[in-house]
Enquirer: 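Here you go, one structure.
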Amino acid sequence: MSITIYGSINLDITTYVKEFPSPGETIHANNYSIELGGKGANQAVAVRKLSPQGGRFVAAVGMDAFGAKARKELERFDICLDHVMSVSANTGIALIHVNESAQNTISIVGGANMSWSDTGPDPDVFHDTQVLLVQLETPLQAVRSAMALARKRGAYVILDPAPASDVNEIKPLIEFADAITPNESECEAIIGWRPKTRDEAEQAAKELLSYGLQLAIVKLGSHGLSFACSDGTSGSIPSFVVDACDTVAAGDAFCGALAVALYEKMTLKDALRFASATGALTATKPGAANAIPLRSEVDEFLLRN
Ligand code: RIB
């Protein structure tokens, strides 16, 4: 096993609404769901659905009913629970609104995800890690330790700097990253300005490389993405046109797919297409982990597009 995902598990409590409520307003929602989410879990599910061997998922849930539900859901996705700890805290939750334009608002309560000490996971979990994927819904110092431990063992480290944080908090992490995958707002948090077009995103990706990275990918959602590599190449690709209904976890699915693609040694061009297709297909279904497509669905979609 060689892809490791270290990160969060949330139970996503999602309401589907016509429009977002305004401050002080109570509205009727069309529907709701309570499902597995969390950027770490979504990325682990993506890796599991897209690769024959899956990945090793290192995470924490609480010893509560939501923790039991999260474990059950992870098992349903065939994810090994050996490194999913149960701690005495509430399981992380995300409160999500999705509107009829497929936009969302999300607030999270970290709970068990925040229970990691500065030293992060047991170093042994990284013993055979070739690709490590991390995000920022667990304590940043623990994420940094995980990155440093995996790097020490020769792993390629992908940092998904989500949710957006302050540059001074992210900088110490970038030091141990090989690749970074911000969206436009995360990019702004790091470099101080927000790319709006693919040309601007390419410029931003080049600026990100100055932090010592090998690869920077700036995601612009339905506007596509831009990238820059330390070998001097850079460019952009448009997004796939799909009928999006819920973009929650599309970015997570992208990152999981990127980890699989780089692990499989796809060319960068193929890896970006593969990851973009996975993100786009995720946006066509409601929910987070549940919306992530299977490898066969992504491969078929790529043949048609
Ligand atoms: O990226 C989407 C995820 O963000 C949701 O599943 C939610 O849990 C929050 O962590």
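Each ligand, and each atom within it, is numbered from 1 in the order the structure gives.
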Enquirer: Does the N or O separation between Gly37 and ligand 1 drop below 3.5 Å for any pair?
Expert: no

Enquirer: Of all the atoms in ligand 1, which lie at a distance below 4.0 Å from a heavy atom belonging to Ala288?
Expert: 6 (O)

Enquirer: Looking at Asp252, which atoms of ligand 1 are within less than 4.0 Å of one of its heavy atoms?
Expert: 1 (O), 2 (C), 3 (C)

Enquirer: Just checking, any donor-acceptor pair under 3.5 angstrom between side chains of Arg71 and Ser86?
Expert: yes

Enquirer: I'd like to know if the side chain of Asn42 reaches the main chain of Ala288, judged simply by a donor and an acceptor atom lying under 3.5 Å from each other, with no hydrogens or angles considered.
Expert: no

Enquirer: Go through ligand 1 atom by atom and flag the ones less than 4.0 Å from a non-hydrogen atom of Asn42.
Expert: 2 (C), 3 (C), 5 (C), 6 (O)

Enquirer: Enumerate the atoms of ligand 1 whose separation from the nearest heavy atom of Ala94 is less than 4.0 angstrom.
Expert: 7 (C), 8 (O)

Enquirer: Rounded to the nearest 0.5 Å, how far does NZ of Lys219 lie from OG of Ser239?
Expert: 13.5 Å

Enquirer: Mind checking whether Gly251 has a heavy atom under 4.0 Å from ligand 1?
Expert: no

Enquirer: Nearest protein heavy atom to atom 8 (O) of ligand 1, by residue and atom, and its distance?
Expert: Asp12 OD1, 2.6 Å

Enquirer: Give me the nearest non-hydrogen protein atom to atom 4 (O) of ligand 1 as residue plus atom name, then the distance to 0.1 Å.
Expert: Lys39 NZ, 3.1 Å

Enquirer: Pick, from Glu137, Gln135, Gln43, Glu35, the option with the minimum heavy-atom distance to atom 10 (O) of ligand 1.
Expert: Glu137

Enquirer: Got a second to check how far Asn183's CG is from Ile217's CD1, nearest 0.5 Å?
Expert: 13.0 Å

Enquirer: Quick check: does any side chain N or O of Asp64 sit under 3.5 Å from a backbone N or O of Thr91, one acting as donor and the other as acceptor?
Expert: yes

Enquirer: Less than 6.0 Å separating the ring centroids of Phe126 and Tyr6?
Expert: no

Enquirer: With atoms numbered from 1 as shown, which atoms in ligand 1 lie under 4.0 angstrom from a non-hydrogen atom of Ala249?
Expert: 2 (C)

Enquirer: Short question: side chain of Thr129, backbone of Leu132 - any donor-acceptor pair under 3.5 Å?
Expert: no

